[in-house]
Amino acid sequence: MNWDKAKNLAIVFLVIVNAFLGVLIIYSNDKYNLTQAQEDAISRFMSQNKVSLYTTIPKEFKPKSQIKVMPQSFNMDELVAAFFGTTSNVEPNFQGGKSVYTHDNFRLIVEGDTFTFDNLSSAETFAFTRDTAISYCNAFIQKNKNLFRDFTFDLAKETKDGFLLTYCGKFNNFLITSNELTFYISKSGMIKAECTYNKPVSFDGAPKEIISADEALYIFVKNMNYIYGEQEIFLDSMDLVYFQGQSSTDLSIPLKATPYYRFFVFSGDAQILVNAYTGAVYDTNF
């Protein structure tokens, strides 16, 4: 046998295979990216329907798996200490399925995977701006990172009396917006905090194809026309997140967070979610 000839043929064969695989990879990547024609078409459609775009459109829509999350119970000693500064002489008052804790002018209500903290004081002790409000909340989360390590800053919205700051859960660089921690900051400092949290565990099942960004935008525009009629719509933000809308009192039963396209309109006043698997619309307002 001519080994040199066989070796050369093997090398040529491998080069051809690698080239073929390279073409497949390029095709696969292109398959899940918006074309310029798609971008132009959706831009025209939005313009015709009085939707002004003030954000970039996600270009990639590769298949995504769901995320398995477990219903979570909070460490009550850590939670009470975080908001009251002490656990001494703080006992729960059980009201149905709720645990109500009070200390001085503070109240903490815990029910399943959610809690609400209220500061009932009216003293004005906190001089704030948007940046100082964010720094204040970041410091609070860092100080209590055992409780809130999965949360990352998402949005800040100015209100009549201060700022509403939203932090969302994160898993493998994806936001899980159903895991939400919000702070209401005023001149009295933190006057309210609300949280819902279910622990993300792993991706669940094989990745499934999701609708493209232009399809999601088409659904969004049709939904907004149905709600607002001829009113001009200002689209401030669009991204791909995970959302888990179920709840369970059984802490042993896992739940699933699903990929959604998220839209913010009217300077963040309204949030629209479009299921990236089915195209179904989930409306939520702050």
Side-chain angles (χ1 to χ4, degrees), residues 32-64 129-131 133-134 152-170 173-185 194 196 208-245 257-286:
Y32 296 114
N33 285 277
L34 285 187
T35 65
Q36 189 60 52
Q38 287 174 297
E39 290 188 58
D40 293 343
I42 194 61
S43 294
R44 287 194 299 270
F45 177 74
M46 293 170 68
S47 178
Q48 292 165 1
N49 286 273
K50 297 183 178 179
V51 178
S52 298
L53 184 67
Y54 292 96
T55 185
T56 56
I57 300 173
K59 303 296 175 59
E60 185 182 271
F61 50 97
K62 287 185 177 180
K64 299 286 186 293
T129 63
R130 180 184 183 277
D131 289 340
I134 292 173
T152 188
F153 176 72
D154 188 29
L155 299 164
K157 176 184 173 184
E158 189 169 3
T159 66
K160 178 182 177 182
D161 301 316
F163 294 93
L164 186 156
L165 275 62
T166 302
Y167 292 73
C168 288
K170 201 167 189 180
N173 293 321
F174 285 103
L175 289 180
I176 304 178
T177 60
S178 48
N179 282 350
E180 186 176 78
L181 174 62
T182 57
F183 298 102
Y184 299 79
I185 307 297
E194 296 176 313
T196 299
K208 296 190 296 185
E209 288 196 4
I210 63 174
I211 62 177
S212 61
D214 62 324
E215 291 177 279
L217 276 163
Y218 176 81
I219 295 167
F220 162 78
V221 171
K222 298 296 287 185
N223 181 71
M224 297 302 287
N225 281 345
Y226 175 76
I227 296 173
Y228 294 101
E230 295 298 314
Q231 182 176 351
E232 186 174 4
I233 305 299
F234 300 95
L235 176 55
D236 305 313
S237 176
M238 176 183 180
D239 57 3
L240 187 65
V241 300
Y242 276 81
F243 181 81
Q244 184 272 121
T258 299
Y260 278 80
Y261 285 101
R262 179 175 65 162
F263 303 88
F264 283 105
V265 294
F266 304 129
S267 299
D269 286 339
Q271 178 183 182
I272 309 297
L273 295 173
V274 174
N275 190 307
Y277 290 152
T278 67
V281 177
Y282 184 99
D283 293 352
T284 179
N285 293 308
F286 290 112

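Everything quoted here is computed from the prediction, not taken from an experiment. Just so you know, these numbers use all the heavy atoms, side chains as well, and skip hydrogens, waters and symmetry mates.
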Q: Are side-chain heavy atoms of Tyr242 and Ser178 found at a separation under 4.5 Å?
A: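 No; the side chains remain at least 4.5 Å from each other.
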Q: Any chance you could measure Phe153, atom CZ, to Cys168, atom SG, to the nearest 0.5 Å?
A: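 The distance works out to 10.0 Å.
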Q: Flag the pair Leu273 / Gln271 as yes when at least one side-chain heavy-atom distance between them is below 4.5 Å, and no otherwise.
A: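 Yes, their side chains come closer than 4.5 Å.
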Q: My understanding is that only residues two or more places apart in sequence, or in another chain, count here; which of them pass ring pair (Phe, Tyr, Trp, His ring centres under 6.0 Å) with Tyr277?
A: none
Q: Could you tell me which residues satisfy side-chain contact (heavy atoms from CB on, under 4.5 Å) with Thr152, sequence neighbours excluded, listed by chain and number?
A: Lys170, Leu175
Q: In Å, rounded to the nearest 0.5 Å, how long is the span from CE of Met224 to CZ of Phe234?
A: 11.0 Å
Q: Restricting to salt bridge (Lys or Arg N to Asp or Glu O under 4.0 Å), what partner residues turn up for Asp214, sequence neighbours left out?
A: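 Here no residue qualifies.
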Q: Test of understanding: with side-chain contact (heavy atoms from CB on, under 4.5 Å), list the residues that count as partners of Ala41, not counting sequence neighbours.
A: Arg44
Q: My understanding is that only residues two or more places apart in sequence, or in another chain, count here; which of them pass salt bridge (Lys or Arg N to Asp or Glu O under 4.0 Å) with Lys222?
A: none
Q: I want to check something: taking the side chain as every heavy atom from C-beta on, are Phe263 and Val274 in contact at a cut-off of under 4.5 Å?
A: yes
Q: Run the side-chain donor-acceptor check on residues 49-58: report pairs under 3.5 Å with partners two or more places apart or on a different chain.
A:
from: Asn49; atom 1: OD1; to: Asn225; atom 2: ND2; distance (Å): 2.8
from: Asn49; atom 1: ND2; to: Phe45; atom 2: O; distance (Å): 2.8
from: Ser52; atom 1: OG; to: Glu232; atom 2: OE2; distance (Å): 2.9

Q: Report the residues that fulfil side chain to side chain donor-acceptor pair (under 3.5 Å) with Tyr184, sequence neighbours left out, ordered by chain and then residue number.
A: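 With sequence neighbours excluded, Tyr184 shows a side chain to side chain donor-acceptor pair (under 3.5 Å) to Glu194, given in chain and number order.
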Q: With sequence neighbours excluded, tell me which residues meet ring pair (Phe, Tyr, Trp, His ring centres under 6.0 Å) with Phe183.
A: Phe140, Tyr167
Q: Can you see which heavy atom on Tyr261 is nearest to which on Ile210, and at what distance?
A: OH-CD1, 3.9 Å
Q: Side chains of Phe264 and Leu155, heavy atoms from C-beta outward: is any pair under 4.5 Å?
A: yes
Q: Would you check if Glu180 and Thr196 make a side-chain contact, meaning some heavy-atom pair closer than 4.5 Å?
A: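 No, side chains not in contact.
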Q: Got a sec, which residues hit salt bridge (Lys or Arg N to Asp or Glu O under 4.0 Å) with Glu209, two or more places apart in sequence or on another chain?
A: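 Lys31.
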Q: What pairs with Glu39 under salt bridge (Lys or Arg N to Asp or Glu O under 4.0 Å), at least two apart in sequence or on another chain?
A: Lys59
Q: With a 4.5 Å cut-off on side-chain heavy atoms, are Leu240 and Lys64 touching?
A: yes
Q: Going by side-chain contact (heavy atoms from CB on, under 4.5 Å), name the residues that satisfy it together with Phe163, two or more places apart in sequence or in a different chain.
A: Phe128, Arg130, Ala133, Glu158, Leu165
Q: Can you tell me how far apart CZ (Phe220) and CD1 (Ile42) are? Round to the nearest 0.5 Å.
A: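 Phe220 CZ to Ile42 CD1: 10.5 Å, rounded to 0.5 Å.
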Q: Return the OG to CG distance between Ser237 and Asp154, rounded to the nearest 0.5 Å.
A: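 Answer rounded to 0.5 Å: 8.0 Å.
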Q: To the nearest 0.5 Å, what is the distance between OG1 (Thr177) and CD (Gln244)?
A: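 With rounding to 0.5 Å, OG1 (Thr177) is 10.0 Å from CD (Gln244).
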Q: Give, for atom OG1 of Thr166 and atom CG of Leu181, the distance between the pair rounded to the nearest 0.5 Å.
A: 8.5 Å
Q: Can you tell if the side chain of Ile211 reaches within under 4.5 Å of the side chain of Ile219, non-hydrogen atoms only?
A: yes
Q: Sequence neighbours excluded, which residues qualify as ring pair (Phe, Tyr, Trp, His ring centres under 6.0 Å) partners of Phe243?
A: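 Partners of Phe243 by the ring pair (Phe, Tyr, Trp, His ring centres under 6.0 Å) criterion, ordered by chain and then number, come out as Tyr260, Tyr282.
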